[in-house]
Amino acid sequence: MAGKRALNIVKMKKMKSEGVPLSMLTAYDYPSAQLAEEAGVDMILVGDSLGNVVLGYDSTIPVTIDDMVYHTRAVARGAEHTFIVADLPFMTYHGSLDETLRNVRRLMQEGHAHAVKMEGGAEIAGTVKRIVEAGVPVLGHIGLTPQSVNQIGGYRVQGKDEADAKRLMNDAKALEEAGAFAVVLELVTEEAAAEISKALSIPTIGIGAGRHCDGQVLVYHDVLKYTSSYRDKRFVKTYADVGSLAREGIAQYVKEVKERSFPAEEHVFSVQGTHKPSTSLYGNEKEKVNSR
Ligand code: KIV
């Protein structure tokens, strides 16, 4: 894509060493990517949470590589200067290496991602290593890994006892050793996440993993309360109630159509071009642009 990107994986590691936190937000389409970039996020994640928050599934499992490529490409068009990570969805990196690399290639070449994210720890470290060797930055993801929700038995906090915290630490180290440039820690106790963040030289990016991670990631629709099925989650802070604003705006539109107060005189085109009401599509200030 055109333009200069603000961030790369070398700078991310430097940010960790300097104690500068990384901000990451999910986005799934052109407008959400534009808004995220304009607001100054360091990284955009085209997460397979796409399945839950955009496509209406009840988990990430139905999301396909085609879905991810399509949405990543839209995000890349909207955020040309931001580092974009795309999720490899369910079962797209557990078959042959050829098949895995084909899926990675699609996210990078067709989707225009700058990196891929994969769920799993030591058990996928070999695959992570091969992808990194192919020149592709990999973001690891451990803790609660939603693609394995049926195996984990629900969306539970991870690292609650010593053995589990140790397992997470081993997984994080295996990913670092395999060449991952950072690791997402999802729904992990603050204590375990702090230990892992201290032990790794690469950044940790937390979601529901407390205050000591090197960065934070949240889901766009959670930050903006942008869905009518929104449920409060302890680890989420909502920064704007876009859902309510959207609902009110749409209800007002419906009301005005019903009572025939929209369209009003200023919204119509007349035969007499330059006289009011205007023939310009976007209002008078854009008259020149629209005469092209
Ligand atoms: O899919 C996603 O949005 C994610 C984040 C929750 C980290 O994996």
Side-chain angles (χ1 to χ4, degrees), residues 12 21-29 32-33 36 41-65 67-72 74-75 79 82-93 103 107 111 113 115-121 124 128 137-149 152 154-159 168 171-172 175 180-188 193 196-197 202-210 213-224 226-227 229-231 233-238:
M12 284 176 212
L22 283 157
S23 61
M24 186 181 215
L25 183 69
T26 68
Y28 311 94
D29 57 16
S32 58
V41 300
D42 291 317
M43 281 188 277
I44 288 178
L45 171 65
V46 189
D48 60 357
S49 50
L50 168 77
N52 304 82
V53 297
V54 173
L55 301 180
Y57 298 130
D58 64 1
S59 79
T60 60
I61 290 170
V63 176
T64 65
I65 191 73
D67 293 332
M68 290 305 302
V69 168
Y70 179 84
H71 284 270
T72 303
V75 167
T82 305
F83 191 89
I84 296 168
V85 184
D87 259 335
L88 276 165
F90 182 68
M91 294 292 281
T92 57
Y93 49 102
N103 291 326
L107 289 177
V116 299
K117 177 165 80 58
M118 299 161 67
E119 295 183 7
I124 62 156
V128 170
V138 174
L139 174 60
H141 181 163
I142 59 172
L144 188 277
T145 45
Q147 289 172 15
S148 317
V149 64
I152 297 169
Y155 297 94
R156 299 174 202 288
V157 176
Q158 308 286 303
L168 291 172
D171 283 340
L175 291 170
F181 71 88
V183 182
V184 167
L185 305 177
E186 180 167 356
L187 279 195
V188 171
I196 293 169
S197 303
I202 56 172
T204 57
I205 302 174
I207 174 163
C213 294
D214 302 301
Q216 298 290 331
V217 56
L218 281 177
V219 168
Y220 185 89
H221 294 67
D222 286 345
V223 167
L224 299 178
Y226 193 10
T227 158
S229 54
Y230 180 83
R231 283 185 299 157
K233 303 178 190 90
R234 181 178 171 87
F235 60 91
V236 168
K237 181 170 174 186
T238 56

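First listed ligand is number 1; within each ligand, the first listed atom is number 1. Residue numbers run from 1 in the order of the sequence given. These numbers were taken from a predicted model, which means no experiment stands behind them.
- Not one N or O of Thr26 is nearer than 3.5 Å to an N or O of ligand 1, by distance alone.
- When heavy-atom distances to ligand 1 are checked against a 4.0 Å cut-off, Asp48 comes that close through both its backbone and its side chain.
- With respect to atom 6 (C) of ligand 1, the closest heavy atom belonging to the protein is Ile207 CD1, 3.6 Å.
- Counting heavy atoms closer than 4.0 Å to ligand 1, residue Thr60 contributes nothing at all.
- The side chain of Leu45, and not its backbone, has at least one atom closer than 4.0 Å to an atom of ligand 1 (non-hydrogen atoms only; side chain from C-beta on).
- For a threshold of 3.5 Å applied to N or O pairs, the pair formed by Tyr28 and ligand 1 contains no separation below that value.
- Below 3.5 Å of separation, one finds an N or O of Lys117 facing an N or O of ligand 1.
- The two residues Lys233 and Asp222 come nearest to each other via the heavy atoms NZ-OD1, 2.9 Å.
- Less than 4.0 angstrom separates some heavy atom of Gly47 from each of these atoms of ligand 1: 1 (O), 2 (C), 3 (O).
- Using a 4.5 Å heavy-atom cutoff, the side chains of Tyr155 and Leu144 are in contact.
- Contact annotation: the side chain of Val149 approaches that of Ile61 to within less than 4.5 Å [non-hydrogen atoms, C-beta and beyond].
- With a 4.5 Å cut-off on side-chain heavy atoms, Val184 and Leu139 count as touching.
- Near His141, the atoms of ligand 1 lying under 4.0 angstrom from a non-hydrogen atom of the residue are 8 (O).
- Summarising the local packing, OH of Tyr70 is surrounded by 12 or fewer heavy atoms from other residues, nucleotides or ligands at distances under 6.0 Å.
- Applying the ring pair (Phe, Tyr, Trp, His ring centres under 6.0 Å) criterion to Tyr220, with sequence neighbours excluded, gives no partner residue.
- Shortest contact from atom 3 (O) of ligand 1 to any protein heavy atom: Ser49 OG, 2.5 Å.
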Checking side chain to side chain donor-acceptor pair (under 3.5 Å) for the pair Ser49/Asn52: CA distance, chi angles, key distance, verdict?
-> CA-CA 5 Å; Ser49 50; Asn52 304 82; 5.9 Å; no
